[in-house]
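Okay, so here's the structure we're looking at.
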Amino acid sequence: MTILITGGAGFIGSNFIVYFLKQHPLVKIINIDKLTYAGELSNLNEVKNNDNYKFIEGDICDRSLIERLFKKYNFTGVIHFAAESHVDNSIKTPNEFINTNVLGTFNLIDVAKIHWMASPNEIRKGYEASRFHHISTDEVYGSLGDIGLFTEETAYAPNSPYSASKASSDFIVRSYFHTYGMNVVTTNCSNNYGPKQHNEKLIPTIIRKALKGKSIPIYGKGNNIRDWLYVKDHCKGIDLVFNKGVSGETYNIGGDNERDNLYIANVICDLLDKELPKDKSYKDQITFVKDRPGHDYRYAIDATKIEKQLGWKAEENFETGIRKTIDWYIKKYRE
């Protein structure tokens with residue numbers, strides 16, 4: 001079995017490839033990544049010499065490339081991570097998000113459909129188990145108030161160009177199941193954290209700024225709440241859904257770890273005060289900056305479906321996961 005993984009040099013994709021190759025040593029992986037600023041090949045140092053792994057630099061918007069790869073490697077699975085994902089960047093340059101997240105997803109699933117299916121609801125012989133797994137986000141659901149959780153039945157209400165582009169890609173994947181009978185699954189995850197995340201994201205930013213003695217920027221009053229999911233727990237959930245999920249279904253993967261941004265900054269500073277003490281607390285570096293336009297107040301996922309149907313459970317809570325995360329970044333930023 002050979003599967004195509006897109007965006008595998010990014011944060012979640014690279015963690016997943018390392019995890020998946022250990023769990024499935026007989027599966028071959030072709031990883032295509034455009035290597036934008038968010039892609040980092042060193043994230044894959046653990047597997048670069050693995051005989052079942054191959055990296056190809058390329059753009060999922062290049063349809064002819066995707067067609068050539070399907071012809072050459074005869075993929076029977078796609079796990080689609082590749083996406084522009086930073087909300088701030090989507091506010092500045094929304095066109096890049098529409099191109100990669102919408103057009104790129106369409107190219108992938110349409111080429112896969114042509115390769116695997118003879119006609120609507122008629123699968124080519126030998127491709128009966130072929131599956132397209134689309135990785136999405138809880139941001140497609142919009143923003144919550146003080147109570148409530150996102151479920152798989154929550155109506156979509158994206159509020160940023162990023163989340164709107166991901167919602168569009170979710171609907172494209174959904175349509176290929178309902179129109180063509182294609183074997184697809186979608187997972188919508190909450191905020192991931194852990195090793196290999198790009199510097200621009202909240203938790204790496206807090207750690208990096210703290211260690212450099214610079215101001216730690218927190219939007220608004222720091223009361224925006226996210227459900228935090230340790231990346232390895234997410235990888236386990238993706239593996240389960242790809243292999244055991246029901247075709248056409250969506251599964252929400254969340255950590256059940258709601259924390260506001262100021263709490264996160266304070267916890268990180270407390271841990272750094274213990275691990276790398278200095279004359280003043282790292283908390284003195286916390287500063288509040290102008291809030292992001294259209295900043296969603298709260299996200300929180302109900303992961304009951306994947307827990308009950310597939311037996312998934314997050315192993316890390318925020319306090320255990322953040323310790324592992326800080327240790328990794330201390331090594332990175334002090335090298």
Side-chain angles (χ1 to χ4, degrees), residues 7-23 37-50 81 85-86 189-218 222 224-239 253-287 312-335:
F11 166 44
I12 303 173
S14 61
N15 274 282
F16 179 77
I17 287 172
V18 172
Y19 173 81
F20 195 80
L21 284 171
K22 288 178 183 174
Q23 299 299 312
Y37 76 95
E40 179 54 65
L41 278 182
S42 64
N43 288 343
L44 294 151
N45 282 344
E46 298 110 302
V47 299
K48 65 181 182 181
N49 296 319
N50 189 314
F81 292 92
S85 68
H86 193 45
C189 67
S190 56
N191 278 41
N192 279 224
Y193 70 103
K196 305 179 182 179
Q197 191 167 26
H198 191 270
N199 288 342
E200 71 189 356
K201 298 293 188 172
L202 177 68
I203 288 174
T205 294
I206 294 171
I207 300 168
R208 186 178 75 257
K209 298 283 189 181
L211 293 176
K212 290 185 175 181
K214 295 183 177 181
S215 295
I216 299 169
I218 300 296
N224 298 84
I225 298 168
R226 300 293 181 261
D227 173 19
W228 290 92
L229 174 65
Y230 190 65
V231 66
K232 190 171 182 182
D233 284 328
H234 187 198
C235 293
K236 293 173 183 176
I238 295 167
D239 186 11
I253 308 177
D256 194 22
N257 285 287
E258 287 187 57
R259 305 289 188 274
D260 68 41
N261 291 349
L262 185 57
Y263 173 89
I264 288 168
N266 281 319
V267 165
I268 291 171
C269 289
D270 282 338
L271 290 169
L272 289 175
D273 283 340
K274 292 173 184 174
E275 291 195 36
L276 297 171
K278 56 180 187 172
D279 55 345
K280 294 190 299 183
S281 172
Y282 290 93
K283 290 181 183 179
D284 291 347
Q285 295 166 228
I286 295 173
T287 56
W312 177 84
K313 190 73 178 172
E315 293 182 18
E316 303 287 347
N317 61 42
F318 184 77
E319 284 64 33
T320 60
I322 198 64
R323 285 180 181 274
K324 295 179 179 180
T325 303
I326 287 173
D327 289 343
W328 190 88
Y329 282 104
I330 286 174
K331 291 176 185 172
K332 175 182 176 179
Y333 292 138
R334 300 185 90 202
E335 282 179 351

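Index from 1, following the sequence.
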One pair to check against side chain to side chain contact (heavy atoms under 4.5 Å, CB included): Thr287 and Ile218. What are the steps and the verdict?
CA-CA 6 Å; Thr287 56; Ile218 300 296; over 6 Å; no
Please confirm whether the backbone N or O of [Y] pairs with a side-chain atom of [X], one donor and one acceptor, at under 3.5 Å?
X      : Y      : result
Gln285 : Lys214 : yes
Asp227 : Asn257 : yes
Asp284 : Lys280 : no
Asn49  : Val47  : no

Evaluate the side-chain proximity of [Y] to [X]: yes if any heavy-atom separation is below 4.5 Å, no if none is.
X      : Y      : answer
Tyr193 : Val231 : no
Ile216 : Cys269 : yes
Asn45  : Ser42  : yes
Leu272 : Ile330 : yes

[X] side, atom [atom1]; [Y] side, atom [atom2] - distance, nearest 0.5 Å:
X      : Y      : atom1 : atom2 : value
Lys232 : Phe16  : NZ    : CZ    : 13.0 Å
Ile225 : Asp260 : CD1   : CG    : 6.0 Å
His234 : Ile253 : NE2   : CD1   : 4.5 Å
Glu40  : Phe11  : CD    : CZ    : 14.0 Å
Asn192 : Asn15  : CG    : CG    : 8.5 Å
Gln23  : Cys235 : CD    : SG    : 10.0 Å

Lys/Arg N to Asp/Glu carboxylate O, [X] vs [Y], below 4.0 Å:
X      : Y      : result
Glu316 : Lys324 : yes
Glu46  : Lys196 : yes
Asp270 : Lys283 : yes

Restricting to non-hydrogen atoms, name the atom on [X] and the atom on [Y] that form the minimum distance, rounded to 0.1 Å.
X      : Y      : answer
Lys278 : Ala210 : NZ-O, 4.3 Å
Phe318 : Trp228 : CD1-CB, 3.8 Å
Asn43  : Ala9   : ND2-O, 3.1 Å
Ser281 : Asp273 : OG-OD2, 2.8 Å
Lys236 : Trp312 : C-CD1, 4.1 Å
Ser190 : Leu229 : OG-CB, 3.6 Å

Looking at residues at least two apart in the chain, or sitting in another chain, which of them share a side-chain contact (heavy atoms from CB on, under 4.5 Å) with Arg208?
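Arg208: side-chain contact (heavy atoms from CB on, under 4.5 Å) contacts with Asn199, Thr205, Lys212, Tyr333.
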List the steps, then state whether side chain to side chain contact (heavy atoms under 4.5 Å, CB included) holds for Asp239 with Tyr19.
CA-CA 9 Å; Asp239 186 11; Tyr19 173 81; 3.7 Å; yes
Are the aromatic rings of Tyr37 and His198 close, with centres under 6.0 Å apart?
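Distance test on ring centres: under 6.0 Å, yes.
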Check step by step if salt bridge (charged side-chain N to carboxylate O under 4.0 Å, His left out) holds for Glu275 and Arg323.
CA-CA 10 Å; Glu275 291 195 36; Arg323 285 180 181 274; 5.0 Å; no
Would you sort out whether Tyr230 and Asp233 count as a side chain to side chain contact (heavy atoms under 4.5 Å, CB included), showing the intermediate values?
CA-CA 6 Å; Tyr230 190 65; Asp233 284 328; 3.9 Å; yes
With side chain to side chain contact (heavy atoms under 4.5 Å, CB included) as the test, would you mind laying out the steps for Gln197 and Tyr329 before giving the verdict?
CA-CA 9 Å; Gln197 191 167 26; Tyr329 282 104; 3.0 Å; yes
Scan Leu271, Ile207, Ile268, Leu276 and name whichever one has a side-chain contact (heavy atoms from CB on, under 4.5 Å) with Tyr282.
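Only match with Tyr282 under side-chain contact (heavy atoms from CB on, under 4.5 Å): Leu276.
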